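Report on the following structure.
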Amino acid sequence: MGMSALYGEADDAESIATIHAAVDAGVSLLDTGDFYAMGLNELLIRDALRARPGSRDQVAISVKFGALRDAAGGWYGYDGRPGAVKNFLAYSLNRLGTDHVDVYRIARVDPAVPIEETVGAIAEEVQAGRVRHIGLSEVGAETLRRAASAAPISDLQIEYSLFSRGIEAEILPTARELGIGVTAYGVLSRGLLSGHWTRERSPGAGDFRSRSPRFSGDNLDRNLALVEALRKVADGKGVTVAQAAIAWVLSRGDDIVPLVGARRRDRLAESLGALDVTLDDADLAAVEEAVPADAVSGSRYDAGQMAHLDSER
Ligand SMILES: NC(=O)c1ccc[n+]([C@@H]2O[C@H](COP(=O)([O-])OP(=O)(O)OC[C@H]3O[C@@H](n4cnc5c(N)ncnc54)[C@H](OP(=O)(O)O)[C@@H]3O)[C@@H](O)[C@H]2O)c1
């Protein structure tokens, strides 16, 4: 996402080099949304994979669809009607230059369309061979159950990190009961929990973080104090803050895949270092003492976007 939109200036050449470095390092999942820069992120992935013959088969491509945008870049809802699903997918396949998407999911539930109809339309695309697996994004436990009763669901993509632990109460146990894997995004809380964010860094108007309650005012000060507490634990282990934050998510279970939003090769290298970090029971206790489960200040989206989250009902 951040390679094309929502986190300020992006550099296509560095983004493509980062994708190549990721594939070379064995990263096997690329996640996108057809609405990230209105299709440009899919074209970026196409160009990166084309430049490396054979790489398409080395990665699973996960695509979110359904968000409706206007010409000014605004957002005006979600469309999960079966006919729209087929249309969105046809465009994505064309932009990605591939004959199938590995995981396909609506980004947010369309309140006007029963989830059974949306996943049913994706199931038809599975039958046709154009989609391999059906996913969901930011849905709550009840929607997970309804969707899973209509079609086989492989994966739920949802925010999960030391700062965002809301899924632990009900959503994660339900996914586990239903045999649905979790792709955790925002593992670094969009950079806030990376150890690289500072009070002085001021995101531009087009940057999601300029509107995020967690990056604003007193919330930012309180949240950065938590990061400094985590830094002490990370320093003691000889790892970086970002590596500790990713390793914590990795420690939550083999059914949870951390989806890290590295935009540059140096950030990618740092985050891959988390694969070599093992947190034992004492480390986990220290991490959770530094960042207690409910300690973060501010909601994870602004009020308007929170209203679209089925997972927060
Ligand atoms: N399903 C959904 O609703 C949803 C929502 C959001 C995202 N996603 C998906 O999840 C992916 C990851 O989300 P995210 O980018 O918000 O999460 P993230 O991994 O928490 O944040 C990534 C940001 O953290 C900063 N960062 C600092 N150190 C880093 C390091 N060592 N490695 C990587 N990043 C570091 C970078 O910002 P700077 O480059 O500015 O320093 C980077 O853009 C997205 O690309 C998107 O595909 C899904």
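Heavy-atom basis, side chains included; hydrogens, waters and symmetry copies ignored. Start at 1 and go down the list; that is how both ligands and their atoms are numbered. Keep in mind it's a predicted model, so treat the numbers as computed, not measured.
- Considering only non-hydrogen protein atoms, atom 47 (O) of ligand 1 sits nearest to Asp31 OD2, 2.6 Å.
- Cluster annotation: Val257 and Leu156 are assigned to distinct hydrophobic clusters (Ile/Leu/Val/Met/Phe/Trp/Tyr, side-chain heavy-atom contacts under 4.5 Å, transitive).
- In terms of protein heavy-atom proximity, atom 28 (N) of ligand 1 is closest to His196 CD2, 3.2 Å.
- Of all the atoms in ligand 1, the ones that sit under 4.0 Å from a non-hydrogen atom of Arg190 are 5 (C), 6 (C), 16 (O), 18 (P), 20 (O), 21 (O), 23 (C), 24 (O).
- Linking Ile, Leu, Val, Met, Phe, Trp and Tyr residues whenever their side-chain heavy atoms come within less than 4.5 Å places Ile158 and Val139 in a single cluster.
- Residue contacts with ligand 1, taken as heavy atom pairs separated by less than 4.0 Å, do not involve Ala107 at all.
- Cation-pi geometry between Arg108 and Tyr301 is met: the NZ or CZ atom falls under 6.0 Å from the ring centre, inside 45° of the normal.
- Checked against a 3.5 angstrom limit, the closest N/O atoms of Gly191 and ligand 1 fall inside it.
- Annotation: cation-pi geometry satisfied between Arg209 and Tyr7 (NZ/CZ under 6.0 angstrom from ring centroid, within 45° of ring axis).
- For ligand 1, the atoms sitting less than 4.0 Å from at least one non-hydrogen atom of Glu270 are 30 (C), 31 (N), numbered in the order shown with element in parentheses.
- Looking at atom 19 (O) of ligand 1, its nearest protein heavy atom turns out to be Gly261 N, 2.9 Å.
- Among the atoms of Ser189, some N or O lies under 3.5 angstrom from an N or O of ligand 1.
- When only non-hydrogen protein atoms are considered, atom 34 (N) of ligand 1 lies nearest to Leu188 CD1, 3.6 Å.
- Contact atoms of ligand 1 toward Leu259: 9 (C), 10 (O), 11 (C), 12 (C) (distance under 4.0 Å to a heavy atom of the residue).
- Residue nearest to atom 38 (P) of ligand 1, selected from Met3, Arg108, Arg201, Glu159: Arg201 (by heavy-atom distance).
- The closest approach between a heavy atom of Phe163 and any atom of ligand 1 is not below 4.0 Å.
- If you look at Val187 next to ligand 1, the close heavy atoms, those under 4.0 Å, all belong to the backbone.
- Salt bridge status for Asp283 with Lys237: present, with a side-chain N to carboxylate O gap under 4.0 Å.
- Nearest protein heavy-atom neighbour of atom 5 (C) of ligand 1: Tyr185 CE1, 3.1 Å.
- For atom 13 (O) of ligand 1, the closest non-hydrogen atom on the protein side is Gly186 N, 3.9 Å.
- Counting only residues at least two apart or in different chains, salt bridge (charged side-chain N to carboxylate O under 4.0 Å, His left out) contacts with residues 8-29 comprise Glu14-Arg265, Asp24-Arg52.
- For atom 48 (C) of ligand 1, the nearest protein heavy atom (residue, atom name, distance) is Gln157 OE1, 3.0 Å.
- Those atoms of ligand 1 with a heavy atom of Tyr301 less than 4.0 angstrom away are 3 (O), 5 (C).
- Of the heavy atoms in Ser137, only side-chain atoms (C-beta onward) come closer than 4.0 Å to ligand 1.
- Of the polar atoms of Met1, at least one N or O is found under 3.5 Å from an N or O of ligand 1, judged by distance alone.
- Protein heavy atom closest to atom 36 (C) of ligand 1, with residue, atom name and distance, is Arg209 NH1, 4.5 Å.
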